[in-house]
A.B. asks: 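My structure is below; once you've seen it, I'll send some questions.
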Amino acid sequence: MSKKQFTIYELIDDDEIRALAGTKYYERGEDYYRRKTVKKFQCDGKVAKATVSGTHPYIVKLWVEGNSLNHSCTCPLGDDGDFCKHCVAVSLACVGSKSTDGSEKTLSMEDVRTYLLTLDKKELVDKIIDASNFNDRLYNGLFMEAASGSGDKADTSTFKRIIDDAIDTGEFISWQEAYDYAQGIDNIIDSIEKLLKQSKATVVVELCEYALKRVERSLEHVDDSDGRMGDILGRLQDIHLAACRKTKPDSAALAERLFRWEISTELDTFSGAVKTYADALGEAGLAVYRELADAKWETVPMLKPGQDRFGKDFCDRYRITKIMEELAIRAKDVEQLVAVKSKDLSSARHFLDIAKIYAGSKQNEKALQWAEMGLKTFPKAPGTELREYLASIYHKMKRSDDALKLIWQDFIDSPSLFSYQSLKEHADKIKSWSSWREKALGFMRGCRCINPKIFQAAQRKPDPISFEPSQPSQFLSIAA
């Protein structure tokens with residue numbers, strides 16, 4: 001005997017909605033329903049759909065599985081699985097759409113479908129075209145469908161015109177308008193992605209790059225507080241990569257475009273291209289990319305200890321440095337990576353980075369040399385990280401006295417609960433915390449600049465839990 005198939009009308013009523021949503025969301029949802037924010041409502045008994053106008057238009061879906069009511073909403077709470085106020089509003093619309101005997105009293109979309117099937121082709125086409133005049137998404141979608149063409153060709157000029165119309169609005173896009181603005185661009189990207197599935201990868205590469213340039217430019221005129229435009233940039237790059245892998249474009253030309261873009265953008269577009277696009281570029285393309293990078297790198301001046309690295313060319317230097325590091329890591333060449341890092345020795349941190357690179361490749365002697373060189377070069381302010389790193393090496397070399405001298409100096413240079421905890425951790429390694437603790441407390445008693453709360457915390461027993469040591473540099477992966 002088959003199980004009974006319940007309908008939404010049988011599963012949902014006012015009490016059930018309250019139980020699912022809770023009082024707060026129920027009251028807000030009821031207010032939404034009364035203010036008639038539920039649009040495009042349709043229900044066939046098993047599935048209910050609607051758009052609810054809130055901060056943004058949110059899409060709500062309710063459906064039946066077995067004897068349970070399921071729900072979804074595109075709002076943040078809905079993404080977390082909550083029965084939000086928008087779900088409440090649509091649920092109340094369901095309750096309001098049934099007669100007292102529980103039957104549906106409004107037409108469903110299935111009824112509309114049945115009606116449309118009775119129309120001849122010309123009538124149906126005329127209705128679609130008329131509707132497109134009042135719906136930008138439908139209008140653009142129809143043009144892009146027509147521009148898709150057949151075979152491996154497409155009308156790129158039409159696509160570009162529609163991209164321009166959607167992105168270049170000519171006015172500032174406020175935060176309240178940003179959702180609809182981004183949604184319009186996303187709809188166009190859907191059509192570009194569809195071209196990829198139609199084996200028009202060459203066209204997709206061209207259109208993605210065209211759209212990326214315009215999206216980058218548009219960000220100067222958009223309040224993107226929600227980060228939707230950043231998502232659009234990421235999506236376009238993903239489709240571009242997929243198209244390049246599929247079509248295998250001219251590798252030299254692709255390498256040059258990627259490099260020029262990566263070296264000049266302020267938005268990380270195509271950042272890390274040498275790694276991401278390696279298979280699409282092939283050896284020939286990678287060689288061109290490397291040649292361009294080397295030429296740019298030659299123009300970058302050496303920064304000596306103490307020099308200001310945050311000048312007007314800081315961003316340019318940062319981008320080409322990241323590219324050169326990526327090339328060195330790809331080549332698995334430790335000395336090449338050290339040469340890149342050595343071009344900027346303006347701070348002790350860079351000496352530490354090089355020490356960690358050598359340590360990661362099991363060249364411990366060179367690691368020690370660079371760490372000690374950083375300490376010698378910046379004796380007054382080597383930084384806590386460098387001192388901690390050297391101290392850990394000294395402990396392994398049975399030079400614990402030297403390790404404690406470093407950590408003690410760090411403590412008196414910057415007395416804090418953190419540096420106190422660090423002193424305890426290192427002193428514990430040689431079971432001498434008792435004497436070092438008294439020394440530290442004595443120092444704090446005589447130091448007027450110490451925050452009293454730090455001193456009080458340090459006096460408590462047991463002593464504060466020590467911190468976790470910092471993680472190794474990302475560059476250690478080169479040694480693998």
Side-chain angles (χ1 to χ4, degrees), residues 132 136-169 180-219 222 224 227-286 288-289 292:
S132 73
D136 289 342
R137 179 176 181 179
L138 178 60
Y139 181 89
N140 289 333
L142 290 173
F143 265 96
M144 287 187 287
E145 288 284 346
S148 296
S150 58
D152 60 352
K153 301 295 183 182
D155 181 0
T156 56
S157 61
T158 296
F159 268 93
K160 289 177 180 178
R161 176 182 63 77
I162 294 171
I163 290 170
D164 286 340
D165 288 344
I167 297 175
D168 302 329
T169 64
D180 289 337
Y181 175 71
Q183 189 65 50
I185 299 173
D186 251 331
N187 293 336
I188 292 171
I189 298 175
D190 288 342
S191 296
I192 295 174
E193 191 170 25
K194 191 173 181 180
L195 290 176
L196 185 59
K197 297 174 182 176
Q198 297 171 352
S199 301
K200 298 183 175 76
T202 301
V203 174
V204 171
V205 171
E206 179 183 352
L207 291 176
C208 281
E209 292 181 14
Y210 186 85
L212 278 165
K213 288 179 182 177
R214 274 140 189 82
V215 172
E216 283 190 332
R217 189 188 306 156
S218 75
L219 283 171
V222 178
D224 189 35
R228 295 183 184 277
M229 298 303 291
D231 293 340
I232 284 173
L233 283 171
R235 189 180 175 202
L236 281 168
Q237 289 173 81
D238 289 342
I239 296 171
H240 182 271
L241 175 59
C244 286
R245 285 172 172 168
K246 197 168 185 178
T247 192
K248 299 292 183 184
D250 179 279
S251 59
L254 176 62
E256 184 165 357
R257 294 201 307 276
L258 291 173
F259 179 78
R260 299 300 178 199
W261 209 312
E262 188 177 3
I263 203 68
S264 61
T265 184
E266 296 180 1
L267 299 167
D268 290 334
T269 309
F270 295 124
S271 178
V274 71
K275 178 180 179 180
T276 310
Y277 281 80
D279 53 345
L281 289 169
E283 291 304 318
L286 288 170
V288 171
Y289 189 97
L292 293 167

A.B. asks: Answer yes or no: are there more than 12 heavy-atom neighbours, outside Lys248 itself, under 6.0 Å from its atom NZ?
C.D. replies: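 Atom NZ in Lys248 is crowded, with more than 12 foreign heavy atoms closer than 6.0 Å.
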A.B. asks: Taking only residues two or more places apart in sequence, or in another chain, which ones meet Ala211 in a side chain to side chain contact (heavy atoms under 4.5 Å, CB included)?
C.D. replies: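 Once residues adjacent in sequence are excluded, the partners of Ala211 under the side chain to side chain contact (heavy atoms under 4.5 Å, CB included) criterion are Ile163, Leu236.
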A.B. asks: Considering non-hydrogen atoms only, spot the tightest contact between Leu196 and Ala243 and give its length.
C.D. replies: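 Shortest heavy-atom separation between Leu196 and Ala243 comes out as CD1-CA, 3.7 Å.
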A.B. asks: Would you mind reporting whether Asp250 and Leu254 have side-chain heavy atoms less than 4.5 Å apart?
C.D. replies: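 No, their side chains stay 4.5 Å or more apart.
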A.B. asks: What residues form a salt bridge (Lys or Arg N to Asp or Glu O under 4.0 Å) with Arg257, not counting sequence neighbours?
C.D. replies: Glu209
A.B. asks: Looking at residues at least two apart in the chain, or sitting in another chain, which of them share a side chain to side chain donor-acceptor pair (under 3.5 Å) with Arg245?
C.D. replies: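 Partners of Arg245 under the side chain to side chain donor-acceptor pair (under 3.5 Å) test: Asp279.
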A.B. asks: Report the residue from Ile188, Leu195, Ile189, Thr202 that forms a side-chain contact (heavy atoms from CB on, under 4.5 Å) with Leu207.
C.D. replies: Leu195
A.B. asks: Under the side chain to side chain contact (heavy atoms under 4.5 Å, CB included) rule, collect the residues that match up with Glu206, sequence neighbours excluded.
C.D. replies: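 With sequence neighbours excluded, Glu206 shows a side chain to side chain contact (heavy atoms under 4.5 Å, CB included) to Thr156, Lys160, given in chain and number order.
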A.B. asks: What residue pairs, at least two apart or across chains, pass ring pair (Phe, Tyr, Trp, His ring centres under 6.0 Å) with a residue in residues 240-259?
C.D. replies: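 Residue pairs passing ring pair (Phe, Tyr, Trp, His ring centres under 6.0 Å), neighbours aside: His240-Phe270, His240-Tyr277, Phe259-Tyr289.
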A.B. asks: Looking at Ala284 and Ser251, what are the two nearest heavy atoms and their distance?
C.D. replies: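 What the structure gives for the nearest pair is CB-OG, 3.8 Å.
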A.B. asks: For Arg161, give me all partners under side chain to side chain donor-acceptor pair (under 3.5 Å), at least two apart in sequence or on another chain.
C.D. replies: Asp165
A.B. asks: Which ring pair (Phe, Tyr, Trp, His ring centres under 6.0 Å) pairs, counting each pair once, include a residue from residues 183-204, with sequence neighbours left out?
C.D. replies: none
A.B. asks: With sequence neighbours excluded, tell me which residues meet ring pair (Phe, Tyr, Trp, His ring centres under 6.0 Å) with Phe143.
C.D. replies: Tyr139
A.B. asks: Run the side chain to side chain donor-acceptor pair (under 3.5 Å) test against Ser191 and tell me which residues pass, sequence neighbours left out.
C.D. replies: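 For Ser191 there are no side chain to side chain donor-acceptor pair (under 3.5 Å) partners, ignoring immediate neighbours.
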A.B. asks: With distance as the sole test, does Ser218 use its side chain to make a donor-acceptor pair with the main-chain N or O of Val215 at under 3.5 Å?
C.D. replies: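 It does hold such a pair.
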A.B. asks: Could you tell me if the side chain of Arg260 sits less than 4.5 Å from the side chain of Leu292, heavy atoms only?
C.D. replies: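 The answer is yes, as the side chains (C-beta and beyond) meet within the 4.5 Å cut-off.
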A.B. asks: With sequence neighbours excluded, tell me which residues meet salt bridge (Lys or Arg N to Asp or Glu O under 4.0 Å) with Asp190.
C.D. replies: Arg235
A.B. asks: Identify the two heavy atoms, one from Ala201 and one from Thr247, that lie closest to each other, and give their separation to 0.1 Å.
C.D. replies: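 Scanning both residues completely, I find the closest heavy atoms to be CB-CB, 3.6 Å.
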A.B. asks: Identify, with sequence neighbours excluded, every residue that meets salt bridge (Lys or Arg N to Asp or Glu O under 4.0 Å) alongside Lys194.
C.D. replies: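 Per chain and number, Lys194 pairs via salt bridge (Lys or Arg N to Asp or Glu O under 4.0 Å) with Glu145.
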A.B. asks: To check you understand the geometry: which heavy-atom pair defines the closest contact between Ile232 and Ala182, and what is its length?
C.D. replies: CD1-O, 3.6 Å
A.B. asks: Can Asp268 and Ser271 be counted as having a side-chain donor-acceptor contact under 3.5 angstrom?
C.D. replies: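 No donor-acceptor contact under 3.5 Å links the two side chains.
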A.B. asks: For the CG atom of Leu258 and the CD1 atom of Ile263, what is their distance to the nearest 0.5 Å?
C.D. replies: 12.5 Å
A.B. asks: Between Pro249 and Cys244, what is the shortest heavy-atom contact and its length?
C.D. replies: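 Looking at all heavy atoms of both residues, the shortest contact is CD-O, 3.3 Å.
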A.B. asks: How far does CZ of Arg228 sit from OH of Tyr181, to the nearest 0.5 angstrom?
C.D. replies: 14.0 Å
A.B. asks: Could I get the full list of salt bridge (Lys or Arg N to Asp or Glu O under 4.0 Å) partners for Asp231, not counting sequence neighbours?
C.D. replies: none
A.B. asks: How many angstroms lie between atom CE of Met229 and atom CD1 of Ile185, to the nearest 0.5 angstrom?
C.D. replies: 4.0 Å
